[in-house]
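Just so we're on the same page: letters track the sequence lines, and every chain starts at 1.
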Amino acid sequence: MDLINTTIMGPLIPLGQIASGWDFVIALLIGIAFGFILEASGFSSSRNITGVFYGYNFVVLRVFLTAVVVAMIGLLYFNYMGWIDLNLIYVVPTYINSMVIGSVLMGLGFILGGFCPGTSYTGIAIGKIDAMVFTGGLFLGIFLFSELFPALESFYYGDSLGSATIEDVFGISNEKFSFIFVIIAIIVFYVTWLIEKRVRKTVNPYKFE
Amino acid sequence: MHIHELNPKKTIIALSLFVIVIVVGLITLSGPRLKYELTPEQTIELVAWEDGYVFPYELEDILAGTVDTVIIMDIRNTFDYSRGHIPSSENISTVGLLNEDNLKRLKKLKEDGFCVLIYGETLQHAVGPWMVYRQLGFDNVKALMGGYEYYELWKDNLGDSYADDGYLIGTADFDYYDVASNVTMQENDNEKQPIKVVRKKKSTVVEGGC
Amino acid sequence: MDTVSKEKSIPKYINPYFGGVLLGLLLLVTFYITGRGLGASGAVKSAVVSTVEKIAPVHAEESTYYSKFISTDHSPMFNWLVFESIGVFIGGLLSGVLFGRVKKLRVEHSPKITSKTRIIAAGLGGILFGFGSQLGRGCSSGAALSGTAAFSFGGLLVMVVLFGSGYVFAYFFRKLWI
Amino acid sequence: MNRNYILLMIVIVVLAGGLLFLPQKANYIQQDPEKLMWDIAQPTRYITTDEVAKMIIEKDPLYQLVDVRADYDYDMFSLPGAYNIPLDSLLTEQSDIILDVEDINTILYSDDDLKADQAWVITRRMGYKNIYVMKGGLNCWIRTIIQPKEPKETAPITEFELYKFRQGASIYFTGTEISLDAGEKKTLNVTRRKKETVAEGGC
């Protein structure tokens with residue numbers, strides 16, 4: 001695209017820096033890394049995951065928050081150094097009602113099923129029948145949603161904020177937000193460590209299967 | 001064993017790599033290679049001034065060698081250049097105008113008091129690159145009015161060319177009001193001013209190039 | 001419980017912070033390459049759309065929801081997230097083999113419940129999660145993780161509400177897990 | 001707690017805190033000179049007078065015209081619906097309101113390409129997007145749209161179609177007749193001020 005520009009600006013695919021044929025190879029490679037990290041962190045076990053809600057294992061919170069912190073800080077630095085254009089990064093559009101209800105349902109599904117979609121794939125990979133059933137449930141749930149969509153449509157699109165960023169809503173800059181987020185994350189890590197230490201004394205260590 | 005009793009060696013390694021990437025990125029962050037020397041306001045002034053153009057008749061002295069501090073650069077593509085160009089001119093295609101070697105040379109020429117005259121097919125062709133050079137601080141760069149087209153017409157007697165002001169662009173060829181305004185509107189409006197065409201007076205040949 | 005048997009019962013997992021840093025870096029690389037984050041539920045959606053399209057093509061075309069994802073030039077399965085999810089499966093398998101966790105098919109459940117209860121709960125949970133992920137514009141990885149990292153308000157909202165409601169419901173289903 | 005965790009914590013806090021203290025980038029929104037030079041070499045900024053005429057006739061909402069000549073010239077004559085931003089007031093707040101619009105293409109014009117091109121270079125440097133230049137300016141506008149030249153008989157059919165369009169446009173803009181499909185055209189009294197070389201297809 002640009003003969004003169006020496007540094008390659010990201011994101012690569014939206015800027016047409018990568019021939020479209022490589023899309024799916026990249027997707028597969030990223031997926032493999034994603035799956036490996038999830039499984040190696042212990043997300044293939046539903047009892048590991050739900051430990052976060054009962055205080056005996058906070059691995060989900062740790063992995064999740066650390067990942068968000070690292071990615072956030074990285075994005076801001078990369079944006080500053082001109083390696084990536086933050087404006088071109090996809091921002092999930094916000095539909096408050098729909099998202100709140102959806103997240104409540106997901107929370108309920110999470111505590112019942114013990115997986116989320118990504119982790120259930122890794123559960124299948126190591127031979128968990130419950131993970132397979134969970135994925136089947138996902139399929140059914142999405143099917144159900146699609147069939148009911150005409151009735152839900154106005155709700156689905158209601159109360160939209162568009163592609164609202166945290167900056168738009170709270171009025172604090174991304175840099176400040178990520179700093180606050182880091183502080184919150186560290187406090188959460190420390191508090192959950194204290195909780196975990198106490199809970200583990202009372203809860204029998206569970207057997208991994 | 002509890003999590004915080006484990007040694008997070010790998011975590012430290014991974015995070016250190018991340019930090020190293022960021023630090024290296026920040027250190028090597030050198031901003032854009034080129035910086036504007038003129039503010040946008042100064043650029044507008046420069047454009048409004050219409051300074052920095054060379055009249056075709058001035059070219060006669062340059063070509064005759066009376067003025068020897070002028071380097072002529074042809075910014076058309078190599079094909080057009082090979083088909084004909086102003087004698088003693090060098091060819092630099094538009095893409096190469098800002099490459100490192102060229103900029104170094106321009107800087108040297110500026111320091112040595114040389115003037116660089118760029119021309120394209122027309123003045124308009126050269127005016128963009130000329131503006132960029134000027135904004136980058138190369139105030140010794142000038143653009144040839146009329147461009148190669150005009151030179152081609154008058155190359156045998158450039159000195160007499162001020163009889164033909166075809167090299168003047170940026171002016172109205174028509175009285176638009178007479179020619180093109182809406183008839184119905186025209187009736188309501190009787191006052192009419194002739195469009196002022198600002199002509200540059202012929203000046204005496206520039207001394208010393210720039 | 002003596003230390004030896006305890007050691008045996010703990011499978012080798014990587015340090016969660018290490019996993020988190022790696023996941024964060026992966027997310028960053030994904031942003032750098034694709035401009036969008038990671039996702040998982042999208043693949044199941046593609047599977048639903050293509051299944052419906054195969055079985056009842058007329059219905060799929062008429063539906064306002066399916067038709068959003070059907071394009072004429074390729075199958076809905078030919079989708080970035082589908083390939084990514086296949087990758088997740090392969091990656092999980094690799095890690096499972098490496099750490100010796102790939103074993104025969106089994107159900108993991110609390111000793112207080114039967115396998116059957118666990119299966120039913122998992123199925124129900126899947127349905128709710130699937131339904132919710134459509135309303136929430138993505139699941140925990142697509143909306144909450146990638147969304148928050150990209151400073152999307154919606155992502156933050158999903159993350160807070162998802163975990164928040166998880167804690168609220170946790171009390172009622174404690175038997176399933178502890 | 002392992003001492004390394006404290007180290008990790010410090011590293012991440014310093015990283016995040018560092019973001020707050022990064023120096024503001026200078027000239028952040030301004031176009032890089034190299035990119036500017038590259039853009040100048042591209043002819044993609046030009047829009048023909050025919051396209052502009054079509055766009056005015058169809059009242060295309062995606063385009064706006066900006067006259068960069070001096071205000072007295074603009075008062076004398078301007079294209080329908082054009083704003084006036086004289087070259088020397090390009091950096092004022094008012095012009096920013098006109099130029100800084102999303103999803104609307106701005107077409108600059110002057111007597112010919114020169115002033116419009118110069119204005120274009122400045123707007124590009126300032127980082128405005130979707131700015132175009134009407135090729136040939138008003139001089140070309142007169143030659144092609146207001147006083148179209150009939151093509152030679154041997155010319156391809158497309159030339160005649162273009163000519164027909166221009167005839168219609170001429171009537172539309174000069175107001176001699178409202179209907180567009182009228183074949184005959186009132187000959188206008190033309191006062192040529194300058195050279196007679198008339199561009200055939202365009203300018």
Side-chain angles (χ1 to χ4, degrees), chain A residues 10-14 24 27-28 31-32 35-37 39-42 50 53 59 62-63 66-67 70-71 74 89-92 94 98-99 102-107 109 111-113 116-118 121-122 125-127 129-130 133-134 137-138 141-143 145-146 149 164-166 169 208-209, chain C residues 11 13-14 16 19-20 22-24 27-28 32-36 40-41 44 48 65 80 83-84 87-93 95-96 101-102 105 107-108 121-123 125-132 134-136 139-141 147 149-154 158 161-162 165-166 169-170 177:
Chain A
L12 302 181
I13 289 175
F24 296 120
L28 199 69
I32 289 173
F36 191 95
I37 296 166
E39 213 287 331
S41 305
T50 47
F53 295 116
V59 60
R62 293 193 182 108
V63 173
T66 315
V70 169
I89 300 294
Y90 174 73
V91 171
V92 184
T94 308
S98 162
M99 274 184 150
S103 305
V104 169
L105 290 177
M106 278 194 273
I111 200 76
L112 274 171
C116 58
Y121 304 154
T122 62
I126 65 160
I129 294 169
D130 41 341
V133 176
F134 183 88
L138 281 181
I142 293 173
F143 175 71
F145 176 84
S146 313
F149 184 70
T165 59
I166 286 161
V169 178
F208 287 97
E209 286 165 278
Chain C
Y13 289 130
I14 58 172
L22 287 185
L23 189 56
L27 193 56
L28 192 56
Y32 179 69
I33 295 174
T34 68
R36 310 177 65 119
S41 56
V44 183
V48 171
Y65 199 63
W80 212 87
F83 280 82
E84 196 207 287
V88 170
F89 179 81
I90 297 170
L93 197 64
S95 159
R101 281 191 287 269
V102 180
L105 295 181
V107 180
E108 185 193 21
I127 292 171
L128 286 167
F129 212 116
F131 200 93
Q134 296 312 294
L135 282 173
C139 59
S140 38
S141 48
F151 304 100
S152 150
F153 176 69
V158 170
V161 179
L162 201 161
S165 64
F169 295 125
W177 306 107

For chain A, the option from [options] that forms the most heavy-atom pairs under 4.5 Å:
| options | result |
| --- | --- |
| C/Gly130, C/Gly96, C/Ser141, C/Ala150 | C/Gly130 |
| C/Leu162, C/Ile90, C/Val102 | C/Leu162 |
| C/Leu22, C/Leu93, C/Leu128 | C/Leu128 |
| C/Gly19, C/Ala122, C/Gly136 | C/Ala122 |

Looking at A/Val92, A/Thr165, A/Thr94, which one forms a side chain to side chain contact (heavy atoms under 4.5 Å, CB included) with C/Phe153?
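Of the listed residues A/Val92, A/Thr165, A/Thr94, the side chain to side chain contact (heavy atoms under 4.5 Å, CB included) partner of C/Phe153 is A/Thr94.
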
Quick one: of [options], who has the most non-hydrogen atom pairs under 4.5 Å with chain C?
| options | answer |
| --- | --- |
| A/Ala164, A/Gly42, A/Gly141, A/Cys116 | A/Gly141 |
| A/Ser103, A/Gly107, A/Ser41 | A/Ser103 |
| A/Gly102, A/Gly118, A/Ala40, A/Ala71 | A/Ala40 |
| A/Thr122, A/Val70, A/Asp130 | A/Asp130 |
| A/Ile32, A/Val133, A/Ile89, A/Leu105 | A/Ile32 |
| A/Val59, A/Val91, A/Ile129 | A/Ile129 |

Heavy-atom closest contact ([X] atom, [Y] atom, distance):
| X | Y | value |
| --- | --- | --- |
| C/Phe169 | A/Val104 | CE1-O, 3.7 Å |
| A/Ala27 | C/Phe83 | CB-CB, 3.8 Å |
| A/Glu39 | C/Ser95 | OE1-OG, 2.5 Å |

Engaged part of A/Val169 at the chain C interface, taking heavy atoms whose separation is under 4.5 Å
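Side chain of A/Val169 only, per the 4.5 Å heavy-atom cut-off to chain C.
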
Side chain, backbone, both or neither: which part of A/Thr50 has a heavy atom under 4.5 Å from chain C?
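It is the side chain, since no backbone atom gets that close.
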
Show the numbers, then the answer: is there a side-chain contact (heavy atoms from CB on, under 4.5 Å) between C/Val161 and A/Met99?
CA-CA 9 Å; C/Val161 179; A/Met99 274 184 150; over 6 Å; no

For A/Phe53, ring pair (Phe, Tyr, Trp, His ring centres under 6.0 Å) partners two or more places apart
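In terms of ring pair (Phe, Tyr, Trp, His ring centres under 6.0 Å), with neighbours along the sequence ignored, A/Phe53 is linked to A/Phe110, C/Tyr167.
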
Under the ring pair (Phe, Tyr, Trp, His ring centres under 6.0 Å) test, residues paired with A/Phe36 that sit two or more places apart
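Residues passing ring pair (Phe, Tyr, Trp, His ring centres under 6.0 Å) with A/Phe36: none at all.
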
After noting the C-alpha distance and the side-chain angles of A/Thr66 and C/Leu23, does the key distance pass the side-chain contact (heavy atoms from CB on, under 4.5 Å) rule?
CA-CA 8 Å; A/Thr66 315; C/Leu23 189 56; over 6 Å; no

[X] side, atom [atom1]; [Y] side, atom [atom2] - distance, nearest 0.5 Å:
| X | Y | atom1 | atom2 | value |
| --- | --- | --- | --- | --- |
| C/Phe89 | A/Leu28 | CZ | CG | 12.5 Å |
| C/Trp177 | A/Ile111 | CH2 | CD1 | 7.5 Å |
| A/Ile142 | C/Ile127 | CD1 | CD1 | 11.5 Å |

Aromatic plane relationship, A/Phe145 with C/Tyr65 - under 30° parallel, 30 to 60° tilted, over 60° perpendicular
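Perpendicular: the ring planes of C/Tyr65 and A/Phe145 meet at over 60°.
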
Does any heavy atom of chain A fall under 4.5 Å from the side chain of C/Ser140, the backbone, both, or neither of them?
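C/Ser140 touches chain A through backbone and side-chain heavy atoms alike.
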
